[in-house]
Amino acid sequence: NAGVTQTPKFRILKIGQSMTLQCAQDMNHNYMYWYRQDPGMGLKLIYYSVGAGITDKGEVPNGYNVSRSTTEDFPLRLELAAPSQTSVYFCASSYSPRNTEAFFGQGTRLTVV
Amino acid sequence: GENVEQHPSTLSVQEGDSAVIKCTYSDSASNYFPWYKQELGKRPQLIIDIRSNVGEKKDQRIAVTLNKTAKHFSLHITETQPEDSAVYFCAAPYSGGGADGLTFGKGTHLIIQP
């Protein structure tokens, strides 16, 4: 199993551009999450999904959108990129939301200039 | 949502000594408390977790304790080794007992001095 796979690993965007961060998992997990990690800080929850077709906002959803058309994929869309969105983005999945391990992807380092 | 505070932000210990990292949480409904280790440039990985129905859990040199009354939990690493150097994050459910991801502390940079 590959686990949780994120693409791309690195990206530089210009202010106002848009992009989609891809996330795929092959563990048949229903629960998937997007976090961002700013330098010297913990991870903050952007969006989460409890299954295909169901998504909801986390702590810092502004400027982002998600979709969950399949169990495997959970892409994160950035519209009108801003410097404040410069961060490392981690996708994660888990078998259940509580009491089980969340598996993280390797991260996407995004810089908005 | 849940609020998690973590201390200290940096901890330097001599190799072989013990390290303790402490976290507090705000939502009394929270029932799951994992600890993640993140090496430089890598993804966070779970090292140990504890559920609200137990007070302590051990796994070789690592242990976690939970005090539900005081709403705090701690990570204990004994006989520290150079490979323990990393950033450690505590976490709790984003909205107490809800089905929606984790709230993380800001992290503790653990430095093991040779």
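Each chain gets a letter, A, B and so on, in the order the sequences are listed, and its residues count up from 1.
Looking only at heavy-atom pairs under 4.5 Å with chain B, the residue among A:Tyr47, A:Phe90, A:Phe103 that has the most is A:Phe90. When the candidates A:Gly105, A:Gly107, A:Ser49 are compared by the number of heavy-atom contacts under 4.5 Å with chain B, A:Gly105 comes out ahead. The choice from B:Thr103, B:Val4, B:Leu46 that makes the most heavy-atom pairs within less than 4.5 Å of chain A is B:Leu46.
For the atom pair NZ (B:Lys106) and CG (A:Asp38), the distance works out to 11.0 Å, reported to the nearest 0.5 Å. For the atom pair CD of A:Glu59 and CD of B:Glu2, the computed distance is 11.0 Å after rounding to the nearest 0.5 Å. Taken to the nearest 0.5 Å, the CD atom of A:Glu101 stands 8.0 Å off from the CG atom of B:Asp49.
Contacts of B:Gln6 with chain A are absent, with no heavy-atom separation under 4.5 Å from either backbone or side chain. The contact between A:Val4 and chain B is made entirely by backbone atoms, counting heavy-atom distances below 4.5 Å. For B:Pro44, the parts sitting under 4.5 Å from any heavy atom of chain A are the backbone and the side chain alike. Only the side chain of B:Tyr36 comes within less than 4.5 Å of a heavy atom in chain A; its backbone stays farther off.
With a 6.0 Å radius and a threshold of 12 heavy atoms from other residues, nucleotides or ligands, B:Gln60 has its CD atom at or below the threshold. In B:Leu40, the CG atom is not crowded: 12 or fewer heavy atoms of neighbouring residues, nucleotides or ligands sit closer than 6.0 Å. With a 6.0 Å radius and a threshold of 12 heavy atoms from other residues, nucleotides or ligands, B:Glu56 has its CD atom above the threshold. Residue-environment remark: CD1 (A:Ile12) stays at or below the threshold of 12 foreign heavy atoms within 6.0 Å.
Under a hydrophobic clustering in which Ile, Leu, Val, Met, Phe, Trp and Tyr are joined whenever their side-chain heavy atoms come within less than 4.5 Å, directly or via other members, A:Phe74 and A:Leu110 fall into the same cluster. In the hydrophobic cluster analysis, where Ile, Leu, Val, Met, Phe, Trp and Tyr join through side-chain heavy atoms closer than 4.5 angstrom, A:Val88 is grouped together with B:Phe104. A:Ile46 and A:Tyr31 sit in two unconnected hydrophobic clusters of ILVMFWY residues. Membership requires side-chain heavy atoms under 4.5 Å apart, directly or through other members. Following chains of ILVMFWY side-chain contacts shorter than 4.5 Å, one cannot reach A:Val66 starting from A:Tyr33, and the two form parts of different hydrophobic clusters. Placement of B:Ile77 and B:Val20 in two distinct hydrophobic clusters is found when ILVMFWY residues are connected by side-chain heavy-atom separations under 4.5 Å, directly or transitively.
Residues A:Phe104 and B:Gln38 fail the side-chain proximity criterion, which asks for heavy atoms closer than 4.5 Å.
For the residue pair A:Leu45 and B:Leu102, the shortest heavy atom distance occurs at CB-O, 4.2 Å.
Aromatic pair B:Tyr94/A:Tyr48: centroids not less than 6.0 angstrom apart.
The main-chain N or O of B:Gly101 is never found under 3.5 Å from a side-chain atom of A:Tyr35 such that the two would form a donor-acceptor pair.
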